[in-house]
Amino acid sequence: ARVGRSTMAGMGKNTELEDVPQDVRFPVEEDKVLAYWDEIDAFQTSLRMSREKKNPAFTFYDGPPFATGMPHYGHILAGTIKDCVTRYWHMNGFHVERRWGWDTHGLPIEFEIDQKLKIKGRQDVLDMTVKVYNAECRAVVMKYASEWKRVVRRLARWIDMENDYKTLDPTFMESVWWVCKQLYDKDLIYRGYKVMPYSTKCSTPLSNFEAGQNYKDVSDPECVVKFPIIGDADGACFLAWTTTPWTLPSNLALCVHPTMEYLYVQDAKTDAIYVIAKPRISQMYKKPTEYKIIKECVGKDLHGMKYEPLFDYFVELKGETAFRVLMDEYVTADGGVGIVHQAPAFGEDDYRVCLKEGVIAKGESVPCPVDDDGRFTAEVTDFFGVHVKDADKDILAKLKANGKLVKSGSIKHSYPFCWRSDTPLIYKAVPSWFVKVEEIKDRLVANNQKTSWVPDFVKEKRFHNWLAGARDWAISRNRFWGTPIPIWRSDDWEEIICVGSIEELFELSGVRITDLHKDSIDHITIPSKEGRGDLKRIDEVFDCWFESGSMPYAQKHYPFENKEEFESGFPADFIAEGLDQTRGWFYTLMVLSTALFDKPAFKNVIVNGLVLAEDGKKMSKRLKNYPDPEIVINAHGADALRMYLINSPVVRGEELRFREQGVKDVVRDVFLPWYNAYRFLVQVVRRYKNEEGKELTGGMTHIDSDNLMDQWIQAAAAGLLQFVNTEMKAYRLYTVVPRLLRFMEDLTNWYVKMNRTRLKGAKGAQ
């Protein structure tokens with residue numbers, strides 16, 4: 001809680017207490033306090049005083065939000081947690097730098113520009129030039145910065161938004177280059193092909209974390225197609241089922257489970273003979289009378305058998321190694337027909353199995369006839385230029401005309417959508433740059449044990465499991481507005497240089513730069529030291545998660561500046577964000593700090609749960625299923641909203657269904673009784689002065705009294721102080737607020753009520 005000009009600390013110093021009116025509007029009083037803080041520059045003054053006293057540092061990192069949207073209850077909750085903790089440590093004699101940051105690169109910015117300029121694909125950007133496109137992005141990155149500043153100030157959060165950092169600052173970007181250079185020199189960065197979630201609308205791969213943010217229940221086509229077995233005397237065909245018909249033109253193999261039972265069955269209507277998994281016969285036939293079993297076998301008996309390709313697009317390219325049956329235990333009897341069609345460019349398991357069995361080779365390009373915008377390339381002549389999701393019907397029609405379509409329909413299932421463009425994702429093999437997370441995951445797990453989490457189960461279960469199963473991290477994006485990956489290479493890829501600073505680039509190229517974005521550096525070449533011509537920069541930019549994971553170093557322009565200051569305060573004493581960041585910011589912080597220094601980036605972390613709408617659904621601007629935060633603050637006060645959030649299950653990592661009535665209840669049940677108790681105290685103090693003719697002295701010290709109620713309330717206050725200090729040092733905010741509220745209940749409902757006449761002087765001056 002916060003107070004204004006008049007405080008009980010003034011008692012004993014002949015300070016006149018201000019009148020306390022009977023009626024109060026807390027939002028109005030809060031505005032007065034904020035104005036007073038502005039008048040005396042309270043926050044900066046407090047920081048200056050702690051610096052002058054040379055107080056020990058308490059290091060806090062604030063994760064950077066995007067300024068392309070307004071703050072919501074999740075931001076308010078996390079900000080309240082951060083504010084409570086950092087204020088506590090400041091008041092306990094530490095210097096706590098609280099510096100705001102902005103995430104200014106990446107898809108949220110680019111998508112807004114794509115919508116504004118009606119950009120349909122990558123070529124549109126190249127036609128208008130990257131320089132013009134990036135200038136548009138730069139113009140909107142701080143679109144809502146003033147609104148953020150207004151809301152953060154109104155919430156009474158003390159954080160420096162003037163001396164902020166932005167991920168587009170050249171100093172920040174240069175430190176990101178330094179991080180990349182360190183990892184590259186440690187052989188922790190490599191280029192490879194990987195099947196990744198891919199947004200055709202944004203023309204870029206996404207991380208698995210991003211792909212998991214926006215699943216929807218959709219209706220997609222499903223089909224069963226047949227693959228005639230080469231050399232089978234009875235003309236038998238393998239069956240395969242898929243919900244992505246657009247991947248069938250890229251089919252290179254089929255896959256069975258080695259020990260699963262398979263059947264050769266004769267269709268009662270057509271006399272056709274099909275091979276299908278025994279546990280999945282119901283996918284094709286509802287009654288036993290609809291088919292006749294010819295023979296049985298297990299998956300390994302089918303291994304290596306050849307079949308006729310569905311299409312001839314890649315026969316010449318892959319005819320010798322492809323179009324045969326492979327084996328792998330990832331095939332299950334949970335769905336489909338127990339035989340999985342393999343398109344290694346569009347499925348992670350497909351790629352792995354085809355690589356293992358020699359259908360494709362490591363390092364070589366994989367048949368991938370889909371361009372950056374999700375349209376078929378000229379290799380697929382029949383569907384050239386058609387977006388893959390629009391081609392399903394045409395592909396099924398062609399298969400039906402060719403006699404290869406056995407069954408088709410639709411299926412409702414959960415499918416990933418792009419979190420930014422809200423369009424369906426595909427999985428696509430793309431050349432990407434990776435951090436070798438798998439190589440250091442034992443160190444990640446070990447460093448996690450050096451950290452303290454509230455609640456603890458997030459550390460021991462959710463985050464530990466994510467680290468233990470970590471895969472190499474794709475850090476490149478085929479976009480324009482971001483920190484360029486500082487790698488220059490020869491045309492034959494035999495000579496590669498990773499640049500770690502502006503100065504190093506000048507030494508290598510002779511070009512001095514002040515801005516590090518693509519449009520400022522892509523023209524720069526580096527003369528080869530091996531006679532391979534000029535080295536050119538690769539096209540990709542960093543995933544913005546690489547930037548946010550680099551913020552401990554980049555916000556300080558480490559190691560180019562503030563070297564001693566950074567190293568003395570690393571790892572951070574405290575960070576806090578939402579539960580979803582276990583696969584986001586918490587993860588990238590841990591990966592990069594472990595790779596750089598073999599340390600965690602933080603010592604203590606508070607993880608809050610998700611704030612949902614009152615109906616339990618995700619808060620949605622479109623659905624308007626939650627009240628505007630500023631309206632709630634102006635109606636009930638920021639303190640009421642803060643206390644409502646901080647005294648809820650969400651501080652324990654659980655979900656909260658936001659109810660405005662809950663904020664009203666805080667005013668009624670907490671603040672009004674507290675206010676009335678203070679008003680009564682002021683009245684008592686004034687009565688004492690009038691009747692005794694002298695000032696009431698006192699303050700925060702213990703007062704000897706024979707009265708049991710006095711002894712009880714003072715003991716309760718002492719116990720409260722001890723408890724709060726213990727729990728705050730353990731970052732358990734969820735235990736602190738209930739104990740505070742219990743003391744306030746004891747004070748206002750019991751001590752004051754039962755001592756009202758005595759406090760009015762009925763038993764004398766005591």
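Note that the structure is a prediction, hence the values are computed from the model and not measured. We're numbering straight along the sequence, starting at 1.
Taking the six-membered ring for Trp and the full ring otherwise, Trp473 and Phe546 have centroids separated by under 6.0 Å. Under the 6.0 Å cut-off for aromatic ring centres, Trp148 and His75 qualify, their centroids lying closer than that. For Phe602 and Trp585, the gap between ring centers reaches or exceeds 6.0 Å. Aromatic ring centres of Tyr427 and Phe346 lie farther apart than the 6.0 Å criterion allows.
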Which donor-acceptor pairs under 3.5 Å do the side chains of residues 728-735 make with protein atoms, sequence neighbours left out?
from: Arg732; atom 1: NE; to: Glu727; atom 2: OE1; distance (Å): 2.7
from: Arg732; atom 1: NH2; to: Glu727; atom 2: OE2; distance (Å): 3.0
from: Thr735; atom 1: OG1; to: Glu727; atom 2: OE1; distance (Å): 2.7
from: Thr735; atom 1: OG1; to: Arg732; atom 2: O; distance (Å): 2.9

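By the 4.5 Å heavy-atom criterion applied to side chains, Val386 and Trp246 are not counted as neighbours. In this structure the side chain of Phe574 never reaches within 4.5 angstrom of the side chain of Lys603, judged on heavy atoms.
The ring-ring contact (aromatic ring centres under 6.0 Å, His included) contacts involving residues 104-123 comprise His105-Trp481, His105-His517, where partners must be two or more places apart or lie in separate chains.
For the atom pair SG (Cys202) and CZ (Arg122), the distance works out to 12.5 Å, reported to the nearest 0.5 Å.
Closest heavy-atom contact between Ile633 and Ala638: CG2-N, 3.9 Å.
Between Trp89 and Phe58, the angle of the ring planes stays under 30°, which puts this pair in the parallel group of the 30/60° scheme.
There is no side-chain donor-acceptor pair under 3.5 Å between Asp220 and Thr243.
Taking the ring axis of Phe417 as reference, the NZ or CZ atom of Lys216 stays within 45° of it and closer than 6.0 Å to the ring centre.
Results of the salt bridge (Lys or Arg N to Asp or Glu O under 4.0 Å) test with Arg154 over Glu147, Glu30, Glu630 single out Glu30 as the only residue that passes.
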